[in-house]
Chemist: 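This is the structure I have questions about; it appears just below.
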Amino acid sequence: MKKKNYLNALGIALTVMLCCIVAACDDDNENEFNVSPSKASVSAFSKATGMLISSCGDYRFHYNEQSLTDYIEDKQANRWYFGYEPNLIVYSEKGSRTKSCSVTYDKNGFLTSISMSDSTHTYDHKASIRYIAVISYNDGGHLKAISVSTVSSGSDYTGSQETETRTMEELWLTWRSDNLDQATYEYQCGEDSWIKSFVFTYNDSASTNTYCQWVPSLDEILDLDASLFTEAFAYIGLLGQGPNKLPSACEVIQTWPNGRNGSGLNGETIITDHTFSYGFNSDGTVAYTVVDGTRKAFTYEKMNNAKAK
């Protein structure tokens with residue numbers, strides 16, 4: 001497990017990286033972050049099929065007249081609104097304040113950073129939160145890593161009682177022959193920490209993923225603690241290309257090296273196994289995924305400009 005000084009250094013590095021990204025976006029010269037929002041936001045799937053994903057599992061996707069993502073909504077009525085020029089994602093959690101995030105894309109239209117700074121004040125307390133997610137991809141356009149740093153602080157109106165909480169989340173993915181092989185997730189917040197390892201297996205008749213879609217059998221690796229993040233980003237192509245073939249099973253190994261909130265799980269390891277199956281439409285798009293017996297279906301609609309470019 002990483003030491004606290006390493007986590008602090010990584011948090012600083014992420015902040016520096018974000019500053020570089022922002023500077024790149026402000027540069028008048030063409031660079032990988034300075035791309036047309038319309039091109040950056042149309043997925044390879046939509047370009048190839050002329051189709052948009054309307055829903056998947058608990059998520060519904062809504063689009064504007066240009067067939068760009070307008071907002072995502074989950075079954076709890078939480079929403080992620082998308083803005084263009086400048087690029088924004090506004091997260092609206094039911095019953096809570098909205099949070100506006102600056103985002104950047106690479107030349108393929110994949111998200112490369114999400115950042116947010118917010119503060120609240122009452123008559124006797126003030127609080128602030130800083131959130132930075134940095135996302136990278138391999139040469140094949142597959143998700144490689146996500147690093148999320150969250151710093152929450154607060155104080156009373158006199159400033160005499162101050163608190164600060166730092167949370168680090170890191171996800172690494174390993175691909176083999178354009179198929180997802182393994183993933184590792186690490187979480188640390190103070191003395192609270194755990195590690196999850198994922199090992200995917202493919203049977204001899206593994207289903208071909210014609211359009212390299214991200215499917216619900218891969219969702220658990222994107223189950224980050226930070227509420228601004230959602231696996232729904234992956235469904236609509238914002239987190240890179242999915243695998244060429246779809247896994248038939250996954251073994252998840254979770255350990256708590258330092259215990260968890262004093263619950264006595266120090267050193268404990270829990271192993272769970274998941275099985276998957278799939279159905280397809282006649283055009284090769286994924287119709288549904290079955291995860292441990294639970295079916296999650298996709299629905300589709302035509303793009304307004306149905307000719308994929």
Chemist: Look only at the side chain of Thr201 and the backbone of Ser248, and say whether a donor-acceptor pair between them is shorter than 3.5 Å.
Modeler: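 Side chain of Thr201 to backbone of Ser248, a donor-acceptor pair under 3.5 Å: no, none is there.
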
Chemist: Keeping Asp74 on the side-chain end and Ala77 on the backbone end, is there a donor-acceptor pair under 3.5 Å?
Modeler: yes

Chemist: Are any side-chain N or O atoms of Asp283 and backbone N or O atoms of Thr285, one a donor and one an acceptor, separated by less than 3.5 Å?
Modeler: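 Yes, Asp283 side chain to Thr285 backbone: donor-acceptor pair under 3.5 Å.
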
Chemist: Restricting to pairs with a member in residues 242-252, which pass salt bridge (charged side-chain N to carboxylate O under 4.0 Å, His left out), not counting sequence neighbours?
Modeler: none

Chemist: Nearest 0.5 Å, what's the CZ-CD1 distance between Arg60 and Ile72?
Modeler: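 Going from CZ on Arg60 over to CD1 on Ile72, the span is 12.5 Å.
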
Chemist: With no hydrogens and no angle check, is any side-chain donor or acceptor of Thr299 less than 3.5 Å from a backbone partner on Ser55?
Modeler: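 The answer is yes, because a donor-acceptor pair under 3.5 Å joins these two groups.
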
Chemist: Do Val252 and Tyr202 sit in one hydrophobic cluster, given that two such residues count as connected whenever their side-chain heavy atoms are within less than 4.5 Å of each other, even indirectly?
Modeler: yes

Chemist: With clusters defined by side-chain heavy atoms of hydrophobic residues (ILVMFWY) lying less than 4.5 Å apart, directly or transitively, does Met51 cluster with Tyr278?
Modeler: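 In one cluster: yes.
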
Chemist: For a quick test of reading the model, state the closest non-hydrogen atom pair linking Leu218 to Pro243 and the distance between them.
Modeler: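 Between these two residues, the closest heavy atoms are CD1-CD, 3.7 Å.
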
Chemist: When you measure from the side chain of Tyr137 to the backbone of Leu111, do you find a donor-acceptor pair of N or O atoms at a distance under 3.5 Å?
Modeler: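 Indeed, once roles are kept as given, a pair shorter than 3.5 Å links the two residues.
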
Chemist: Could you check whether the rings of Phe82 and Tyr84 sit parallel, tilted or perpendicular, using 30° and 60° as the cut-offs?
Modeler: parallel

Chemist: Ser54 and Glu301: which non-hydrogen atoms are nearest, and at how many Å?
Modeler: OG-OE1, 2.7 Å

Chemist: Taking only distance into account, with no hydrogens and no angle test, what donor-acceptor pairs under 3.5 Å do side-chain atoms of residues 231-242 form with protein atoms, sequence neighbours excluded?
Modeler:
{"unit_1": "Glu231", "atom_1": "OE2", "unit_2": "Tyr59", "atom_2": "OH", "d": "3.2"}
{"unit_1": "Tyr235", "atom_1": "OH", "unit_2": "Asp219", "atom_2": "OD1", "d": "3.0"}
{"unit_1": "Tyr235", "atom_1": "OH", "unit_2": "Asp219", "atom_2": "OD2", "d": "2.4"}

Chemist: Strictly by salt bridge (charged side-chain N to carboxylate O under 4.0 Å, His left out), give each pair with a member in residues 133-147 just once, sequence neighbours left out.
Modeler: none

Chemist: Do Ile114 and Val90 sit in one hydrophobic cluster, given that two such residues count as connected whenever their side-chain heavy atoms are within less than 4.5 Å of each other, even indirectly?
Modeler: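 No; tracing contacts between hydrophobic side chains, which count when under 4.5 Å, never links both residues.
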
Chemist: Is the closest side-chain donor-acceptor distance between Thr104 and Thr112 under 3.5 Å?
Modeler: yes

Chemist: Applying the side-chain contact (heavy atoms from CB on, under 4.5 Å) test to Phe200, which of Thr174, Asp181, Ile221 qualifies?
Modeler: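 Among Thr174, Asp181, Ile221, the one that satisfies the side-chain contact (heavy atoms from CB on, under 4.5 Å) with Phe200 is Ile221.
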
Chemist: How far does CG of Leu173 sit from CG of Leu222, to the nearest 0.5 angstrom?
Modeler: 7.5 Å

Chemist: Indicate yes or no for a side-chain donor-acceptor contact from Tyr300 to the backbone of Ala287 under 3.5 Å, with no hydrogens or angles considered.
Modeler: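 No, because the side chain of Tyr300 does not come within donor-acceptor range (under 3.5 Å) of the backbone of Ala287.
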
Chemist: Apply side chain to side chain donor-acceptor pair (under 3.5 Å) to the pair His274 and Asp292, showing each step before the final yes or no.
Modeler: CA-CA 6 Å; His274 304 286; Asp292 297 332; 2.6 Å; yes

Chemist: For Arg130, is the CZ atom crowded, meaning more than 12 foreign heavy atoms sit under 6.0 Å from it?
Modeler: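 At most 12 heavy atoms, drawn from other residues, nucleotides or ligands, come within 6.0 Å of this atom.
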
Chemist: Parallel, tilted or perpendicular for Trp175 and His142, by the 30°/60° rule?
Modeler: parallel

Chemist: How long is the gap from OH on Tyr91 to CE on Met116, to the nearest 0.5 Å?
Modeler: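 Taking OH in Tyr91 and CE in Met116, the distance rounds to 10.5 Å.
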
Chemist: Is a donor on one side and an acceptor on the other found under 3.5 Å between the side chain of Asn108 and the backbone of Phe110?
Modeler: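 No, the answer is negative, given that no donor and acceptor are paired below the 3.5 Å cut-off.
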
Chemist: Look at the side-chain heavy atoms of Ile, Leu, Val, Met, Phe, Trp and Tyr, link any pair under 4.5 Å apart, and say whether Val199 and Leu143 land in one connected group.
Modeler: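 They do not share one cluster, since no chain of ILVMFWY contacts under 4.5 Å joins Val199 to Leu143.
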
Chemist: Could you pull out the closest heavy-atom pair between Ser100 and Leu88, with the gap in Å?
Modeler: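 Nearest pair, atom of Ser100 first, then Leu88: OG-CD2, 4.2 Å.
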
Chemist: Counting distance only, does the side-chain N/O of Asn244 pair as donor-acceptor with the main-chain N or O of Asn179 below 3.5 Å?
Modeler: no

Chemist: May I have the step-by-step check of side chain to side chain contact (heavy atoms under 4.5 Å, CB included) for Thr269 and Ile253, ending in yes or no?
Modeler: CA-CA 7 Å; Thr269 298; Ile253 304 170; 3.7 Å; yes

Chemist: Answer yes if Tyr288 and Phe61 sit in the same cluster of Ile, Leu, Val, Met, Phe, Trp and Tyr residues linked by side chain heavy atoms under 4.5 Å apart, and no otherwise.
Modeler: no

